[in-house]
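Order of the sequence lines sets the chain letters (A, B, ...), proteins ahead of strands, with each chain counted from 1. Please read these numbers as outputs of a predicted model, since none were measured by experiment.
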2 protein chains.
Amino acid sequence: MDTLQNMRAFSCVAEAGSFTAAAVQLDTTTANVSRAVSNLEAHLQTRLLNRTTRRIALTEAGKRYLLRCEQILAYVEEAEAEASDAHARPAGQLKVHTMTGIGQHFVIDAIARYRKTHPDVTFDLTLANRVPDLLDEGYDVSIVLASELPDSGFVSQRLGITYSIVCASPAYVKANGAAQKPSDLLNHACLRLVSPVIPLEKWAFDGPDGQETVTINSSPFLVNSADAMKTAITSGMGVGVLPVYAAIEGLRNGTLVRVMPNYRSQELNLYAIYPSRQYLDAKIKTWVEYLRGSLPEILAAHQAELVAYELTGSLAGVRVAN
Amino acid sequence: MDTLQNMRAFSCVAEAGSFTAAAVQLDTTTANVSRAVSNLEAHLQTRLLNRTTRRIALTEAGKRYLLRCEQILAYVEEAEAEASDAHARPAGQLKVHTMTGIGQHFVIDAIARYRKTHPDVTFDLTLANRVPDLLDEGYDVSIVLASELPDSGFVSQRLGITYSIVCASPAYVKANGAAQKPSDLLNHACLRLVSPVIPLEKWAFDGPDGQETVTINSSPFLVNSADAMKTAITSGMGVGVLPVYAAIEGLRNGTLVRVMPNYRSQELNLYAIYPSRQYLDAKIKTWVEYLRGSLPEILAAHQAELVAYELTGSLAGVRVAN
DNA sequence: ATCTTTGTTACGGTTAACGAGATAATCCCT
DNA sequence: AGGGATTATCTCGTTAACCGTAACAAAGAT
């Protein structure tokens, strides 16, 4: 028995003052309306309407119940409107997780731009270098860098491709020379980036002769942040692998130089991960759509700038959008 | 789709943290609970729960909707409790109509006694000498005096039998003599009681020779209240027909005398009329039951007192209960 | 790696919901 | 006062929805 439906019928009868009028209003038959009220009365074991075939009158219990019904129906409508709204209009808080480097360099800017078109969406951004449990930690969206698509049951959208390059400080290169190929790195002080998505000891490169791997056994320095790594490299501690986005600024202003320019790390994919595709919240949907629309371009611009740097020996004249 | 049932399921799942646990709690199958939540989500076009096979987590929309659901379910429960209560526990206002004479002499006392056992019932009593439209005027119960059961669609319960007798003042009898049979009345000043339940001009009597009718063509006095009629008779204006309950006090204290003691008016039935027998309000049910339990006895006592008066020539020694 | 637990989906049988027509009862109009 | 019209309810046959069983898929736990 659909109590809400019966309540609607009862309320409509009380308002219209007639079963037939209520039936017309509800686009159903009088039999139906009659049954609805009868069911309600049977369920409550209470007479709600005194009726002859010609007129109806609410009982005292009916009057009271009617008030409650109307309130309840209004609440239900309100709740449904609000819930449906979540699907239609982007609003509310968006809990986003992202890996620290990406977060610093792309996500915060992206949030700022996204909020210009969707000011009703607020953000709770968490930067952490791990792949989170979306359900346990309550994230709506996670932005992760990974070599391949994670096989969790969640929905993944690829936001673009990036890679890392080997860098050192000009002073380090001057003092220790520049490696020309991966195996040369064994003779250098290799600073290692600790990250869940790239192997710590095995460094894989794509070079002119295909993929080459070198195993780094020892390191004077380990750190889990790409920006900290950049600072470490800049200070001349050794050579290190840096994501393009973390290296580009240093290359621009000359505090970093790229070594082994023919080699780059294996490509990494940037993914947005979220729990479900069904009945997706508007804020999640629009946010992921925005990322898909803006991030690939920005990543590509960085890479284009890097290529231009390789060609011209300097970054002068090439400006990045954003 | 029973939205309330789905809400209960959803609420239960959210509370229990598992579909299976909710199914146990609701005494149904997991499949059912799963469908309930799915239906809700489909209806709202909004994801309420993010779920893997192992864990579930509310979405933001789900959290908000859950709060609403719990509130709504509480309201529904409250409304149902209140409405069902009307059937179980006598309380609230009882709107009663009664004919004036009966009301004065029996109903007010009955209300006072009834309320000793049901103090939560309040009364709205209307005295009027007409058969009301229960629906239009919103009466719960009407107490009417009629020669035969009214054929309206309402429920009638007989509360007892009464009749009227012909009375005059001792002074009037001394001056004008006492009528011995109905036809004698034509030579007397006949005071007439205007009432919807007894004919105005045709007075019907049950006497030793069966029913006799006399037509009263003119009258010095018409009034619509039995008590006013009693006062008129007492003051010696003429002879009149008085209901037993209105006459007894006068007979007791000697301000009235009965004429034609072998004749009485046609018996009149006292009825309680109320709109419905189905899912009757507790206050209506108990009230009518109380009337049925107490009124016949009181009416019979009056009549017994009257018979005793006829036999002994006085009312001394016979006391009426109440 | 296998087993257990858990949520979802598919299927089939039962149930109830629905609409049309019949019925009874009341009101309005003549 | 009586007949027509309106109105709520009842009945019945059809249909669609619901429910439980069971197979399936996925995620922890051992």
Side-chain angles (χ1 to χ4, degrees), chain A residues 1-6 8-10 12-14 16-43 47-58 62 131-136 150-155 275-279, chain B residues 1-6 8-10 12-14 16-43 47-59 62 131 133-136 150-155 275-279:
Chain A
M1 191 191 65
D2 191 334
T3 309
L4 276 184
Q5 208 63 35
N6 293 345
R8 285 192 192 96
F10 168 59
C12 203
V13 168
S18 137
F19 280 67
T20 30
V24 172
Q25 203 168 321
L26 295 170
D27 192 32
T28 180
T29 59
T30 50
N32 229 340
V33 177
S34 173
R35 269 189 295 248
V37 176
S38 293
N39 286 341
L40 223 46
E41 289 180 330
H43 176 63
R47 187 99 175 159
L48 296 173
L49 288 169
N50 285 324
R51 40 199 185 274
T52 66
T53 56
R54 209 64 180 182
R55 259 180 330 212
I56 59 172
L58 286 162
V131 181
D133 185 320
L134 265 59
L135 257 55
D136 264 9
D151 63 343
S152 71
F154 303 115
V155 183
S276 157
R277 183 167 276 142
Q278 258 193 324
Y279 313 128
Chain B
M1 190 191 66
D2 191 336
T3 308
L4 276 184
Q5 208 64 33
N6 293 344
R8 286 191 191 96
F10 168 59
C12 202
V13 168
S18 137
F19 280 67
T20 347
V24 172
Q25 203 168 320
L26 295 169
D27 193 31
T28 179
T29 59
T30 324
N32 230 339
V33 177
S34 173
R35 271 189 295 248
V37 176
S38 292
N39 286 342
L40 223 46
E41 289 180 330
H43 177 64
R47 186 98 175 162
L48 296 173
L49 289 168
N50 285 323
R51 38 200 187 273
T52 67
T53 56
R54 209 63 180 182
R55 261 183 325 221
I56 60 171
L58 286 161
T59 63
V131 182
D133 185 319
L134 266 59
L135 256 55
D136 265 10
D151 63 341
S152 70
F154 303 115
V155 183
S276 157
R277 184 166 273 142
Q278 257 193 325
Y279 314 128

Is any side-chain N or O of B:T29 closer than 4.0 Å to OP1 or OP2 of D:dC19?
-> no

Starting from the 5' end of DNA chain D, give me the residue, B:A31 or B:D2, whose nearest nucleotide shows up first.
-> B:D2

Residue A:T30, side-chain atoms from C-beta onward, closest of D:dC19, C:dG19, D:dT9 | D:dT9

For A:A36, does its backbone N or O pair with a side-chain atom of A:Q5 as donor and acceptor, under 3.5 Å?
-> no

Quickly work out the B:F10 CZ to C:dG7 P distance and round it to whole Å.
-> 15 Å

Mapping B:A21 and A:D27 onto DNA chain C by nearest heavy atom, which one lands closer to the 5' end?
-> B:A21

Please determine if a side-chain N or O atom of B:N32 lies less than 4.0 Å away from the OP1 or OP2 oxygen of D:dC18.
-> no

Taking atom P of D:dA26 as reference, at what distance in whole Å does atom CG of B:N50 sit?
-> 17 Å

When you measure from the side chain of B:S18, which nucleotide among C:dG7, D:dC19, D:dA22 comes out closest?
-> C:dG7

With the side chain of A:T20 defined as its heavy atoms from C-beta on, choose the nearest nucleotide among D:dT7, C:dT6, C:dT9.
-> D:dT7

Gap between atoms CZ and P, on B:F19 and C:dT9 respectively (whole Å) = 10 Å

Heavy-atom distance under 4.5 Å between the side chains of A:N6 and A:H43, does that happen here?
-> no

Rounded to whole Å, the CZ-C1' distance (B:R51 to C:dT9) equals 13 Å

Is a side-chain N or O of B:S38 found less than 3.5 angstrom from the main chain of B:S34, in a donor-acceptor match?
-> yes

Integer-rounded Å distance: D:dA8 P and A:I56 CD1 = 7 Å

When we call it a touch if two heavy atoms are under 4.0 Å apart, what does A:T28 touch: a base, just sugar-phosphate, or nothing?
-> sugar-phosphate

Could you state the atom-to-atom distance from CG of A:N6 to C1' of C:dA16 in whole Å?
-> 13 Å

Can any side-chain N or O of B:T59 pair as donor or acceptor with the backbone N or O of B:L49 at less than 3.5 Å?
-> no

Rounded to the nearest Å, what distance is computed from the CD atom of residue B:Q5 to the P atom of nucleotide D:dA17?
-> 18 Å

Looking only at C:dG7, C:dA10, D:dC10, the nucleotide nearest the B:R35 side chain is C:dA10

Contact nearer the 5' end of DNA chain D, comparing A:D133 with B:M1 | B:M1

Taking CG from A:N39 and C1' from D:dA8, how many angstroms apart are they, rounded to a whole number?
-> 15 Å

Heavy-atom side-chain contact between B:F10 and B:L58 under 4.5 Å = yes

Base, sugar-phosphate, or nothing: which does B:R55 touch, judged by heavy atoms less than 4.0 Å apart?
-> sugar-phosphate

